[in-house]
Amino acid sequence: MVRLTHESIDFTALTEQVRSPQAGAVVLFLGTVREMTDGRRTVALDYEAYPEMAVAKMEELHAEAFARWPVTHAAIVHRLGHLELGDISVAVAVSCPHRTDAFEAGRFLIDRLKEVVPVWKQENWDDGTTEWVHPDGGLIAE
Amino acid sequence: MVRLTHESIDFTALTEQVRSPQAGAVVLFLGTVREMTDGRRTVALDYEAYPEMAVAKMEELHAEAFARWPVTHAAIVHRLGHLELGDISVAVAVSCPHRTDAFEAGRFLIDRLKEVVPVWKQENWDDGTTEWVHPDGGLIAE
Amino acid sequence: MRISVRLFARARDLAGADRLDVQLSEPATVGQLKEQMHEQCPPLGSLLPQLLVAVGTDYATDETPLDETADVACFPPVSGG
Amino acid sequence: MRISVRLFARARDLAGADRLDVQLSEPATVGQLKEQMHEQCPPLGSLLPQLLVAVGTDYATDETPLDETADVACFPPVSGG
């Protein structure tokens with residue numbers, strides 16, 4: 001299951017979706033809005049996506065996880081819109097028979113999501129300025 | 001926070017405990033009772049602990065995670081008693097500023113827990129027999 | 001042919017619009033599209049070296065051919081998660 | 001001295017009791033304790049090569065010294081998680 005949403009991410013429901021008596025291990029990753037980045041204070045983040053392509057890329061990653069690891073269930077949700085400090089921006093849940101696979105598949109999904117899924121975040125700094133975030137934590141010069 | 005419990009593990013509450021605006025990444029690991037092991041069918045597991053030592057070892061691992069990674073919060077809960085298929089036997093939740101650390105610290109905590117925390121599980125096979133589980137998935141010959 | 005390019009994030013902000021209509025002589029590639037976009041919309045220049053182009057839901061290279069039916073989008077490196 | 005050893009999991013099942021009281025002459029080590037336990041309780045023999053001993057809340061080796069006040073526990077390799 002992959003999904004974009006403008007609502008709060010319900011990580012409990014997401015985790016329940018992947019639990020199974022066939023799986024002995026569940027790994028859940030949550031990305032949350034962090035206050036401090038390189039000494040600067042964020043008050044909020046705005047996320048936007050190219051939705052059709054973002055969903056297509058998330059589907060590809062989902063399928064690739066099943067192809068590479070013995071995954072029982074996997075779910076990926078990315079939130080869009082205006083997020084406050086501490087809000088969950090992305091959630092990845094994976095279940096596998098064994099934990100090594102669950103950790104590897106979960107790590108793969110969030111790492112690749114950040115590389116290929118067309119979603120962008122804009123920082124809202126505490127001085128009132130906004131700035132598009134560059135991957136690897138850098139910022140695109142205004 | 002580390003804890004042994006005979007009740008169901010509330011992974012939602014555990015995850016909420018580690019979330020923080022100082023952390024951009026949360027990793028939750030759940031160990032759940034798996035039906036099939038090497039072709040044999042489990043109907044339930046019974047867990048027992050040496051409780052004083054188990055808590056002491058969990059506290060040591062908790063402290064070691066903070067010493068080795070920039071951990072914001074961490075929580076470890078192990079359930080004891082009779083568990084049915086799909087029940088959560090163990091939960092580890094870790095938050096860190098960045099996801100690499102959260103994955104590594106979470107992995108460390110569950111791996112080391114399985115090596116050093118004095119908890120034992122007994123299989124209840126579907127043929128009515130019971131058997132203590134040996135680490136590495138083997139069984140101690142009866 | 002005329003291609004209506006969807007713009008996202010900073011590419012949209014620089015262009016001041018969420019689409020840019022580009023005229024190209026056929027046959028055309030993504031590389032030619034990017035040159036034409038820069039000519040029509042000079043503010044995109046600062047982003048050009050990093051600008052990504054998708055055709056359909058796949059990332060394209062400068063050599064990827066374009067036709068009039070293609071869904072084309074331009075955007076900076078992704079930063080989700 | 002007399003040491004009351006707590007037993008867990010299969011060690012308890014084999015002994016048929018959750019404690020085993022062991023008499024040792026001082027000074028004594030964990031290695032001597034294990035020998036004495038085997039002598040008093042032969043069914044533990046099948047587990048002896050794997051048997052772990054904790055003194056207080058720490059794992060002990062055969063060389064770890066014992067005194068009368070020690071909290072001692074014996075159990076098979078752990079299998080939680």
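Each chain gets a letter, A, B and so on, in the order the sequences are listed, and its residues count up from 1.
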Shortest non-hydrogen contact between B:Tyr50 and D:Gly56, atoms and distance: OH-O, 3.6 Å
- request: Select all residues of residues 108-118 of chain B having any heavy atom within less than 4.5 Å of some heavy atom of chain D, and report them by number, or 'none'.
  value: B:Leu113, B:Lys114, B:Glu115, B:Val116, B:Val117, B:Pro118
query: Ignoring hydrogens and geometry, is there a side-chain-to-backbone donor-acceptor pair from D:Thr57 to B:Ala56 under 3.5 Å?
result: no
task: Take atom CD of B:Glu7 as the centre, draw a 6.0 Å sphere, and report whether it contains more than 12 heavy atoms from other residues, nucleotides or ligands.
output: no
query: Are any non-hydrogen side-chain atoms of D:Phe8 and B:Met53 less than 4.5 angstrom apart?
result: no
query: Hey, are the side chains of B:Gln122 and D:Arg10 touching, using non-hydrogen atoms and a 4.5 Å cut-off?
result: no
- prompt: Donor-acceptor pair, B:Trp120 side chain versus D:Pro76 backbone, under 3.5 Å?
  reply: yes
task: Counting only heavy atoms closer than 4.5 Å, note whether D:Asp13 contacts chain B via side chain, backbone, both or neither.
output: side chain
task: Taking atom CZ of D:Arg19 as the centre, report whether more than 12 heavy atoms of other residues, nucleotides or ligands fall under 6.0 Å from it.
output: yes
message: If I compare all heavy atoms of B:Ser89 with all of D:Gly81, which pair ends up nearest, and what's the gap?
response: OG-O, 3.2 Å
field: Residues in residues 58-87 of chain B that sit under 4.5 Å from chain D, counting heavy atoms only
entry: B:Glu60, B:His78
query: Given side chains that start at C-beta, do those of D:Asp58 and B:Lys57 come closer than 4.5 Å, heavy atoms only?
result: yes
task: Report the C-alpha separation of B:Glu52 and D:Arg6 in whole Å, then their side-chain angles, then the decisive distance to 0.1 Å, and conclude whether the salt bridge (Lys or Arg N to Asp or Glu O under 4.0 Å) test is met.
output: CA-CA 12 Å; B:Glu52 299 88 336; D:Arg6 291 172 73 175; 3.3 Å; yes
- prompt: Considering only heavy atoms, which portion of B:Val90 lies under 4.5 Å from any heavy atom of chain D: side chain, backbone, both, or neither?
  reply: side chain
task: Would you mind checking which part of B:Ala49 comes under 4.5 Å of any heavy atom in chain D, side chain (CB onward), backbone (N, CA, C, O), both or neither?
output: backbone
task: Can you tell which part of B:Tyr47 gets under 4.5 Å to a heavy atom of chain D, answering side chain, backbone, both or neither?
output: side chain
